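See below for the structure under consideration.
Given the structure is predicted, the values throughout are model-derived calculations rather than measurements. So you know, we letter chains A, B, ... as the sequences are listed, proteins then strands, and number each from 1.
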2 protein chains.
Amino acid sequence: MDNKHIFTEKLRSSGLRPTKQRIEICKLLFNRKDTFHFSISDLKNISTKKISLATIYNTIHAFTRKGYLKEISINSDKTYFDTNTSDHHHFFDENKKKLIDLDDNNVGKIKIKKTLPGKKIKSVEILVRITNDN
Amino acid sequence: MDNKHIFTEKLRSSGLRPTKQRIEICKLLFNRKDTFHFSISDLKNISTKKISLATIYNTIHAFTRKGYLKEISINSDKTYFDTNTSDHHHFFDENKKKLIDLDDNNVGKIKIKKTLPGKKIKSVEILVRITNDN
DNA sequence: ATCATAATTTATAATGATTCTAATATAGTG
DNA sequence: CACTATATTAGAATCATTATAAATTATGAT
Ligand SMILES: [Mn+2]
Ligand SMILES: [Mn+2]
Ligand SMILES: [Zn+2]
Ligand SMILES: [Zn+2]
């Protein structure tokens, strides 16, 4: 896994210096097959290297500004982020407090019939709350 | 406006004692034609009577538990509540930071094709982010 | 009305996520 | 190497929310 070089390039090309903290965070976030939904504390917990909390916040915010992460709207005490930055929807498992992707093709076409003068639609997102069946 | 009596009954029938604080909050929330979307600080600000912050939190949570209010999911530093407790969707005006109701009949039928074993759907909510057109 | 009791209100403290600060360390450039 | 802009860091500050525990109030029974 020599993604280090790839991440270094990615960071440089975004005007972010490739520090060891940022590269470590890149590995944690982007070295995976599936979409990753996480909170800051999740990220801190899975990191073996010790990165200060301030740096984690700084880095995640920088990545969000650069468009490498997306902030997800769920009413929670914590903010969630998503490595899938495309327009897509979510299940939110209220028991596990976990987000699960819901691709466009898993959702019928959404038609918003109401319009508001002087306003344009920026995004349309569905949140499907789920709980244990029993 | 002798809603006081109506609110007193409503509170009693919910097993909540009709205190002057709760009746005042009822008036602020339910004595209006339109749906009201608010945060705790919004509510504190529009109240002329002095009700302690703890009581405002307690009351809003009690009303939510009783089904008279609905918590709304937007990623914000504050929690928002809604006097419209029916299943419905929202516009979120990113410029004014205001929620606007979007009735079911303003949205085409939503079909969630993906299912998760052992899980049941609790709610399906759409958030349509809007910004100024220009 | 008086009492008894549980429910409610309240001021205040505690909590916890996030942001800020300002000192130290590091990356990029020549 | 030396210079400077950037980045990291520990710790403090902020702010919404929740917890605590004492004082007040609503209600039902005498
Ligand atoms: Mn939130
Ligand atoms: Mn929050
Ligand atoms: Zn996602
Ligand atoms: Zn609403």
Next on the checklist: Check the phosphate of C:dT9 against B:T19, side-chain N and O only, distance under 4.0 Å to OP1 or OP2. Yes or no?
Outcome noted: yes
Checklist entry - Touch check for A:I51, heavy atoms < 4.0 angstrom, all strands: base, sugar-phosphate only, or nothing? => result sugar-phosphate
Item to check | Spacing of A:Y57 atom OH relative to D:dT14 atom P, expressed in whole Å | outcome: 17 Å
Checklist outcome for this item: note: A:L53, atom CG; D:dG11, atom C1'; distance rounded to Å ~ 11 Å
Checklist entry - What does B:T55 touch in the nucleic acid at a heavy-atom separation under 4.0 angstrom: a base, only the sugar-phosphate, or nothing? => result base
Checklist entry - Heavy-atom count around A:K96 NZ within 6.0 Å, excluding the residue itself: above 12? => result no
Checklist entry - Could you give the CG-to-C1' distance, from B:D42 to D:dT17, as a whole number of Å? => result 16 Å
Next on the checklist: Which nucleotide wins on minimum distance to the side chain of B:I40, given the candidates D:dA26, D:dT17, C:dT9?
Outcome noted: D:dT17
Checklist entry - Rounded to the Å, how far apart are A:I23 CD1 and D:dT8 C1'? => result 14 Å
Checklist entry - Which nucleotide in the list C:dG28, C:dC20, C:dA17 gets nearest to the side chain of A:R12? => result C:dG28
Item to check | D:dT8 phosphate, OP1 or OP2, under 4.0 Å from A:R22 side-chain N/O | outcome: yes
Checklist entry - Atom CD1 of A:I56 and atom P of D:dG11: how far apart are they, to the nearest Å? => result 16 Å
Next on the checklist: Measuring from atom CG of A:L11 to atom NZ of A:K66, what distance do you get when rounded to the nearest 0.5 angstrom?
Outcome noted: 10.5 Å
Next on the checklist: Please check if the number of heavy atoms outside B:K114 that lie under 6.0 Å from its NZ is greater than 12.
Outcome noted: yes
Checklist entry - Looking for any heavy atom pair under 4.0 Å, which part of the strands does B:S41 touch: base, sugar-phosphate only, or nothing? => result nothing
Checklist entry - Using 30° and 60° as the class limits, which term best fits the ring planes of A:Y57 and A:H61: parallel, tilted or perpendicular? => result tilted
Item to check | Euclidean distance, atom NZ of residue B:K20 to atom P of D:dT24 [Å, nearest integer] | outcome: 12 Å
Next on the checklist: Using whole Å, what does the distance between atom C1' of nucleotide D:dT8 and atom CG of A:L11 come to?
Outcome noted: 15 Å
Checklist entry - Is any side-chain nitrogen or oxygen of B:S39 closer than 4.0 Å to OP1 or OP2 of D:dA16? => result no
Checklist entry - Should A:Q21 be listed as having a side-chain N or O under 4.0 Å from OP1 or OP2 of C:dT26? => result no
Checklist entry - What distance do A:N75 atom CG and A:R129 atom CZ have between them, rounded to the nearest 0.5 Å? => result 6.5 Å
Next on the checklist: Nearest whole Å is fine: how far is C:dT9 P from B:I60 CD1?
Outcome noted: 12 Å
Checklist outcome for this item: 5'-most contact on DNA chain C (nearest-nucleotide basis), A:H61 vs B:L16, goes to B:L16
Checklist entry - Counting just side-chain N and O atoms, does A:R17 come under 4.0 Å of either OP1 or OP2 of D:dT8? => result no
